Amino acid sequence: MKWKQMPLGPLQTNCYILWNDQKNCLIVDPGAEGEKLVSWLNEHNLKPLAILLTHAHFDHIGAVDTVRHTYNIPVYIDEKESEWLTDPGLNGSGLFGMGKIQAAPADRIITSEHTLTIDDFTLQVFKTPGHSPGSLSYYVQSEGIVFAGDTLFMGSIGRSDLPGGDHQELLSSIHDHLLTLPEETEVLPGHGPVTSVGNEMDGNPFLNGF
């Protein structure tokens, strides 16, 4: 399989596209600039199957409806943020003065950690709250990658001072789910460059003591 990181929108939120040899693909966090994303997908003859959201803050959901309606595909989200797509007060767009960023309700609600299979894509779904109450991480063991959203970054960790955030819960999520993955696992964060589990175990100043 192949994947691409595509920073989108004013906050340069990382959208990811993961595709196989048959050109089927999954889209993680289409945050903004939906027409740009759709143009790239069409240019590369990719066939989206689903949208996976790591969480529902406004900068991760801005292009959800454009992509969903273009390809008629389902959107996956955690149960704790099932109301956030439709509510600017919950997704933060109102709080940050970004206008009303909204999307239609998700099609698939994730209620538990499990193995998610879509076509021939297999992902382990981890509940990794702390940055937000419904934050999820998606681990693709076969590719050695984890889509970590705003939980873990290169040399940093996610904010926990937003509504529903919890610092200790965030640290526990990182320790219990992300740092237990093989050290060579690539961490694909919601913002900034790709890193690895091993690099963050060795050098992330926020994780001292783990």
Side-chain angles (χ1 to χ4, degrees), residues 1-6 13-31 37-38 40-41 44-56 60-61 63-64 67-68 70-82 85 105-153 158 172-190 193-201:
M1 291 187 184
K2 298 180 180 179
W3 59 268
K4 178 179 175 60
Q5 179 191 71
M6 184 182 293
T13 303
N14 289 329
C15 172
Y16 294 97
I17 304 99
L18 175 70
W19 69 94
N20 61 19
D21 292 339
Q22 290 74 45
K23 297 284 192 174
N24 293 323
C25 71
L26 303 179
I27 300 169
V28 179
D29 289 353
L37 175 56
V38 167
W40 188 91
L41 292 166
H44 290 82
N45 298 311
L46 295 178
K47 296 169 285 187
L49 301 177
I51 295 170
L52 308 179
L53 297 177
T54 62
H55 63 295
H60 291 252
I61 67 170
V64 162
V67 176
R68 168 171 35 193
T70 298
Y71 300 104
N72 191 28
I73 56 176
V75 176
Y76 289 73
I77 198 169
D78 185 79
E79 59 185 336
K80 292 184 178 178
E81 296 179 16
S82 61
L85 289 173
D107 308 280
R108 306 282 189 271
I109 305 300
I110 293 175
T111 60
S112 63
E113 297 184 331
H114 67 288
T115 300
L116 176 63
T117 301
I118 302 173
D119 193 57
D120 63 349
F121 297 90
T122 301
L123 310 94
Q124 289 296 124
V125 180
F126 300 141
K127 286 182 174 268
T128 49
H131 172 67
S132 69
S135 286
L136 300 170
S137 295
Y138 301 92
Y139 174 47
V140 188
Q141 183 177 6
S142 64
E143 307 305 310
I145 57 176
V146 60
F147 299 102
D150 288 359
T151 298
L152 180 63
F153 303 112
S172 294
S173 291
I174 294 170
H175 178 260
D176 294 343
H177 287 298
L178 301 183
L179 298 189
T180 59
L181 298 175
E183 292 189 21
E184 64 272 17
T185 303
E186 291 185 287
V187 178
L188 280 53
V194 173
T195 184
S196 72
V197 169
N199 285 343
E200 299 315 303
M201 290 176 68

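Computed from a predicted model, the values in this text were never measured in an experiment.
- Contact record, Met6 with Trp40: CE-CG, 3.5 Å, taken as the closest heavy-atom pair.
- Here the shortest heavy-atom pairing between Val197 and Pro182 reads CB-O, 3.7 Å.
- Listed by chain and residue number, nothing satisfies the ring pair (Phe, Tyr, Trp, His ring centres under 6.0 Å) test with His114 (two or more places apart in sequence, or in another chain).
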Could you go through the side-chain contact (heavy atoms from CB on, under 4.5 Å) check for Lys4 and His44 one step at a time? CA-CA 12 Å; Lys4 178 179 175 60; His44 290 82; over 6 Å; no
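- Rounded to the nearest 0.5 Å, atoms CE (Met1) and OG (Ser142) are 5.5 Å apart.
- Summarising the geometry, atom CG belonging to Leu136 is positioned 10.5 Å from atom NZ belonging to Lys80; distances are rounded to the nearest 0.5 Å.
- Going from atom CD1 of Ile118 over to atom SG of Cys25 covers 11.0 Å, rounded to the nearest 0.5 Å.
- Within the 4.5 Å cutoff, side-chain heavy atoms of Ile77 are placed close to those of Ile109.
- Applying the side-chain contact (heavy atoms from CB on, under 4.5 Å) rule to Asp119 yields the partners Asn20, Asn24, Leu49, Phe121; only residues at least two apart in sequence or on another chain are considered.
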How far apart are the C-alpha atoms of Trp3 and Val194, what are their side-chain angles, what is the distance that settles it, and do they pass the side-chain contact (heavy atoms from CB on, under 4.5 Å) test? CA-CA 12 Å; Trp3 59 268; Val194 173; 3.8 Å; yes
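- Residues passing the side-chain contact (heavy atoms from CB on, under 4.5 Å) test with Asn14 are Gln5, Pro7, Tyr16, Pro189, sequence neighbours excluded.
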Show your working on side-chain contact (heavy atoms from CB on, under 4.5 Å) between Leu123 and Tyr139 and close with a plain yes or no. CA-CA 5 Å; Leu123 310 94; Tyr139 174 47; over 6 Å; no
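- Legend: residues meeting side-chain contact (heavy atoms from CB on, under 4.5 Å) with Thr180, ordered by chain and number and at least two apart, are absent.
- By the ring pair (Phe, Tyr, Trp, His ring centres under 6.0 Å) test, Tyr71 is found to be paired with no residue, residues two or more places apart in sequence or in another chain being considered.
- Each of Leu18, Leu52, Leu37 was evaluated against Ile27; a single residue qualifies, Leu37, per the side-chain contact (heavy atoms from CB on, under 4.5 Å) test.
- Leu116 has its side chain within reach of Tyr76: a pair of non-hydrogen atoms, C-beta onward, lies under 4.5 Å apart.
- Interatomic distance, CG of Leu181 versus CE of Met201, reported as 10.0 Å (0.5 Å rounding).
- A search for side-chain hydrogen bond (donor to acceptor under 3.5 Å, both in side chains) contacts involving Glu183 returns nothing, not counting sequence neighbours.
- Screening Ile61, Thr54, Ile51 against Asp29 for a side-chain contact (heavy atoms from CB on, under 4.5 Å) leaves a single residue, Thr54.
- Each salt bridge (charged side-chain N to carboxylate O under 4.0 Å, His left out) pair with one or both residues in residues 127-136, not counting sequence neighbours, appears once here: Asp78-Lys127, Glu79-Lys127.
- Minimum heavy-atom separation, Cys15 to Pro30: SG-CA, 4.0 Å.
- The side-chain hydrogen bond (donor to acceptor under 3.5 Å, both in side chains) check on Glu200 picks up Thr195, Asn204, with sequence neighbours excluded.
- Across all their heavy atoms, Ser173 and Pro129 have their closest contact at OG-O, 2.6 Å.
- Aromatic ring orientation, His55 versus His60: tilted (interplanar angle from 30° to 60°).
- For Lys2, the side-chain contact (heavy atoms from CB on, under 4.5 Å) criterion is met by Trp19, not counting sequence neighbours.
- Among residues two or more places apart in sequence or in another chain, the side-chain hydrogen bond (donor to acceptor under 3.5 Å, both in side chains) test is passed with Thr115 by Gln124.
- A search for side-chain hydrogen bond (donor to acceptor under 3.5 Å, both in side chains) contacts involving Ser137 returns Thr128, not counting sequence neighbours.
- By the 4.5 Å heavy-atom criterion applied to side chains, Lys23 and Leu46 are counted as neighbours.
- Contacts of Asp176 classified as salt bridge (Lys or Arg N to Asp or Glu O under 4.0 Å), with partners at least two apart in sequence or in another chain: none.
- Between the CD1 atom of Ile73 and the CG atom of Leu26 there is a distance of 8.5 Å, given to the nearest 0.5 Å.
- Across all their heavy atoms, Arg68 and Pro105 have their closest contact at NH1-O, 2.8 Å.
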Going through the checks in order, is the side-chain contact (heavy atoms from CB on, under 4.5 Å) test met by Ile145 and Thr185? CA-CA 5 Å; Ile145 57 176; Thr185 303; 5.6 Å; no
